[in-house]
S.K.: 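Sending over a structure as structure tokens; questions will come in a sec.
Owing to the predicted nature of the structure, the values given are computational and were not obtained by experimental measurement.
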Amino acid sequence: AERQKRIVACEQADQVKPKGEIKPVSQLCGRAVSLPKPSYPEDAKASRVSGTVVVDIVTNPEGRVIWARVVSGPELLRRVSQKAACRAQYSPTVISRRAVQTESSIQYMFAQE
């Protein structure tokens, strides 16, 4: 139930970025425990829309995505990318023996087959 609440809150388009200390992290995807792939929307396929969607994310000290915002990419692919990012799970980032919130981005690539 708690996981579902977090995901629903994360998926809100107008969600405010969390306050407090957030450490920027590069290559966060290399530490992914679970990185669900977004489904390719049928309307985007029919319109032959392809490209890369970049989603900025914030993870809590447990490694769960608590905030996600699409920063670039085709409009028809943005919503599914944000939803997938909200379901991602990372291993906790520990700095000076303390788990911290982190900020990074995820790229999703969509290509017609």
S.K.: In sequence, state the C-alpha distance, the side-chain angles, and the governing distance for Thr93 and Thr59, and then conclude on side-chain contact (heavy atoms from CB on, under 4.5 Å).
M.R.: CA-CA 9 Å; Thr93 298; Thr59 61; 5.6 Å; no

S.K.: Please give me the minimum heavy-atom distance between Ala88 and Pro36, naming the atom from each residue.
M.R.: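 In terms of heavy atoms, the two residues are closest at CA-CD, 3.8 Å.
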
S.K.: Measuring from Gln15:CD to Arg69:CZ, what's the distance to the nearest 0.5 Å?
M.R.: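 The CZ atom of Arg69 is 8.0 Å from CD of Gln15, to the nearest 0.5 Å.
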
S.K.: Show your working on side-chain contact (heavy atoms from CB on, under 4.5 Å) between Val80 and Phe110 and close with a plain yes or no.
M.R.: CA-CA 11 Å; Val80 294; Phe110 295 83; 4.1 Å; yes

S.K.: For a quick test of reading the model, state the closest non-hydrogen atom pair linking Ala85 to Val55 and the distance between them.
M.R.: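 Shortest heavy-atom separation between Ala85 and Val55 comes out as CB-CG1, 3.7 Å.
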
S.K.: About how many Å separate CG of Leu76 and OG of Ser81, when rounded to the nearest 0.5 Å?
M.R.: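 With rounding to 0.5 Å, OG (Ser81) is 11.0 Å from CG (Leu76).
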
S.K.: For Lys17 and Asp56, run side-chain contact (heavy atoms from CB on, under 4.5 Å): C-alpha distance rounded to whole Å, both residues' side-chain angles, the deciding distance at 0.1 Å, then the answer.
M.R.: CA-CA 10 Å; Lys17 188 173 181 179; Asp56 284 348; over 6 Å; no

S.K.: Tell me the closest heavy-atom pair linking Ser50 and Ala111, and the distance in Å.
M.R.: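 Minimum heavy-atom contact is CB-CA, 4.0 Å.
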
S.K.: Check whether any side-chain N or O of Arg31 sits under 3.5 Å from a backbone N or O of Ser91 as a donor-acceptor pair, and report yes or no.
M.R.: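 Side chain of Arg31 to backbone of Ser91: a pair is present.
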
S.K.: In this structure, which one of Arg6, Arg87, Lys83 forms a side-chain hydrogen bond (donor to acceptor under 3.5 Å, both in side chains) with Glu11?
M.R.: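 The option that passes is Arg87.
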
S.K.: What's the separation between atom CD1 in Ile57 and atom CH2 in Trp67, rounded to the nearest 0.5 Å?
M.R.: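 Ile57 CD1 to Trp67 CH2: 10.0 Å, rounded to 0.5 Å.
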
S.K.: Can you tell me how far apart NZ (Lys37) and OG (Ser39) are? Round to the nearest 0.5 Å.
M.R.: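 Going from NZ on Lys37 over to OG on Ser39, the span is 13.0 Å.
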
S.K.: For residues Val49 and Tyr108: do they belong to one hydrophobic cluster (side chain heavy atoms under 4.5 Å, members Ile, Leu, Val, Met, Phe, Trp, Tyr)?
M.R.: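 Yes.
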
S.K.: Hey, could you give me the CG/NZ distance between Leu77 and Lys45, rounded to the nearest 0.5 Å?
M.R.: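 It is 11.5 Å, given to the nearest 0.5 Å.
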
S.K.: Would a hydrophobic clustering, with Ile, Leu, Val, Met, Phe, Trp and Tyr connected at side-chain separations under 4.5 Å, put Val58 with Tyr90?
M.R.: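 Cluster IDs for Val58 and Tyr90 differ.
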
S.K.: Is a side-chain donor or acceptor of Glu62 paired with a backbone partner of Ala99 at a separation under 3.5 angstrom?
M.R.: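 Checking the backbone N and O of Ala99 against the side chain of Glu62, no donor-acceptor pair under 3.5 Å is found.
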
